[in-house]
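Below is one structure, written out as structure tokens; the observations come after it.
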Protein chains: 2
Amino acid sequence: MTRPSVTALDTLFGALADPTRRLLVERLLTNGPATATALAETTPLTRQAVLKHLQVLEAAGLMEHERCGREVRFRVTPQPLASAVAWILDTAGQWDRRLDRLRKLTS
Amino acid sequence: MTRPSVTALDTLFGALADPTRRLLVERLLTNGPATATALAETTPLTRQAVLKHLQVLEAAGLMEHERCGREVRFRVTPQPLASAVAWILDTAGQWDRRLDRLRKLTS
DNA sequence: GCTTTGTGCAACTAACTAGTTGCAGATGGT
DNA sequence: ACCATCTGCAACTAGTTAGTTGCACAAAGC
């Protein structure tokens with residue numbers, strides 16, 4: 001076993017490990033795209049703190065930003081979540097029959 | 001949006017965020033239970049480093065250890081992974097049809 | 001009983017993370 | 001042109017994490 005390199009799964013699971021970030025994802029999915037400033041207003045955190053979280057999510061491939069005039073709107077791009085599910089199913093699938101059934105359905 | 005508290009999902013996703021830990025999970029799933037010492041031999045890391053990783057995994061509910069004489073054997077308990085998949089499906093399921101299909105099958 | 005092998009605990013370092021503040025620059029409204 | 005508002009960047013702090021070393025303790029084997 002060689003020392004593993006940092007992969008997309010690292011940053012992906014790492015991004016999901018923070019409850020604030022998961023909340024941001026949920027918010028943006030249900031309410032649609034928003035700016036860091038707007039999101040920060042619904043939060044005890046600073047705009048910068050929220051922005052950093054959004055950037056972490058973006059680095060994980062879960063976000064995308066678009067400039068509109070002086071605003072920067074963030075939107076969720078959930079595709080990478082499929083990789084996370086894939087790892088779980090591939091790994092634990094050999095163990096758990098129920099998950100294994102699901103794995104077959106995704107391929 | 002109140003400041004979110006630390007939940008099981010935090011430690012779970014956090015545990016999965018490290019490539020070494022994912023490797024340990026894979027190893028133990030395919031090769032069966034093993035001790036920290038044995039696992040460390042297949043790794044550039046120290047026994048203590050490996051042990052810490054195993055303890056992180058155990059805190060996330062993904063491991064269980066059992067004492068056998070002077071050895072301590074670790075085994076994977078993958079049940080919590082279902083929560084991770086559940087969050088992903090519940091959250092992104094409303095967005096992605098393919099994941100949504102899966103969500104219905106798990107309920 | 002002695003040696004080997006495996007575990008447990010503690011202290012320590014280096015690097016990273018979450019969050020802050022402060023300020024400068026850009027854009028839009030009037 | 002001016003003011004309000006939104007973004008961008010940088011510096012800084014406090015806490016956490018990954019990993020190490022060193023040593024003491026426990027269990028097997030001979």
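Quick note on labels: first sequence line is chain A, next is B, and so on, each numbered from 1.
At least one donor-acceptor pair under 3.5 Å links the side chain of B:Thr30 to the backbone N or O of B:Arg27.
Picking from D:dA18, C:dG28, D:dT20 the nucleotide with the shortest atom distance to the side chain of A:Arg70 gives C:dG28. Between D:dT20, C:dT5, C:dT20, one nucleotide has an atom nearer to the side chain of B:Lys52 than all others, and that is D:dT20.
Straight-line distance from the CG atom of A:Leu51 to the C1' atom of C:dG22: 16 Å, rounded to whole Å. In this entry the distance linking CG of A:Leu45 with P of C:dG19 reads 5 Å, nearest Å. A straight line from CD of A:Gln48 to P of D:dT13 spans 18 Å, rounded to a whole angstrom. Counting to the nearest Å, the C1' atom of D:dC6 and the NE2 atom of A:His65 are 14 Å from each other. Per the geometry, CG belonging to B:Asp18 stands 18 Å off P belonging to D:dT16, to the nearest Å.
Side-chain contact annotation: B:Thr7 with A:Arg22, donor-acceptor N/O pair under 3.5 Å present.
For B:Gln55 and C:dG8, a side-chain-to-base donor-acceptor distance below 3.5 Å is absent, hydrogens and geometry of angles not being considered. Taking 3.5 Å as the limit, the base of C:dG28 and the side chain of A:Glu71 contain no donor-acceptor pair of atoms between them. Between the base of C:dG8 and the side chain of B:Arg47 there is a donor-acceptor pair shorter than 3.5 Å.
At a threshold of 4.0 angstrom between heavy atoms, the contacts of B:Arg21 are confined to the sugar-phosphate backbone, with no base atom among them. Counting non-hydrogen atoms under 4.0 angstrom, B:Arg67 reaches the backbone sugars and phosphates but no base.
Here OG1 of A:Thr20 is found 11.5 Å from CG of A:Leu39. Values are rounded to the nearest 0.5 Å. Here the OG1-CG distance, from B:Thr77 to B:Leu28, works out to 10.5 Å after rounding to the nearest 0.5 Å.
For C:dT17, the OP1/OP2 oxygens have no side-chain nitrogen or oxygen of A:His53 closer than 4.0 Å. Remark: A:Thr46 is not in phosphate contact with C:dG19, judged by side-chain N or O atoms under 4.0 Å from OP1 or OP2.
Residue order along DNA chain C, read from the 5' end via each residue's closest nucleotide, puts B:Thr35 first among A:Gly14 and B:Thr35.
Using cut-offs of 30° and 60° on the angle between ring planes, the pair A:His65 and A:Phe74 is tilted.
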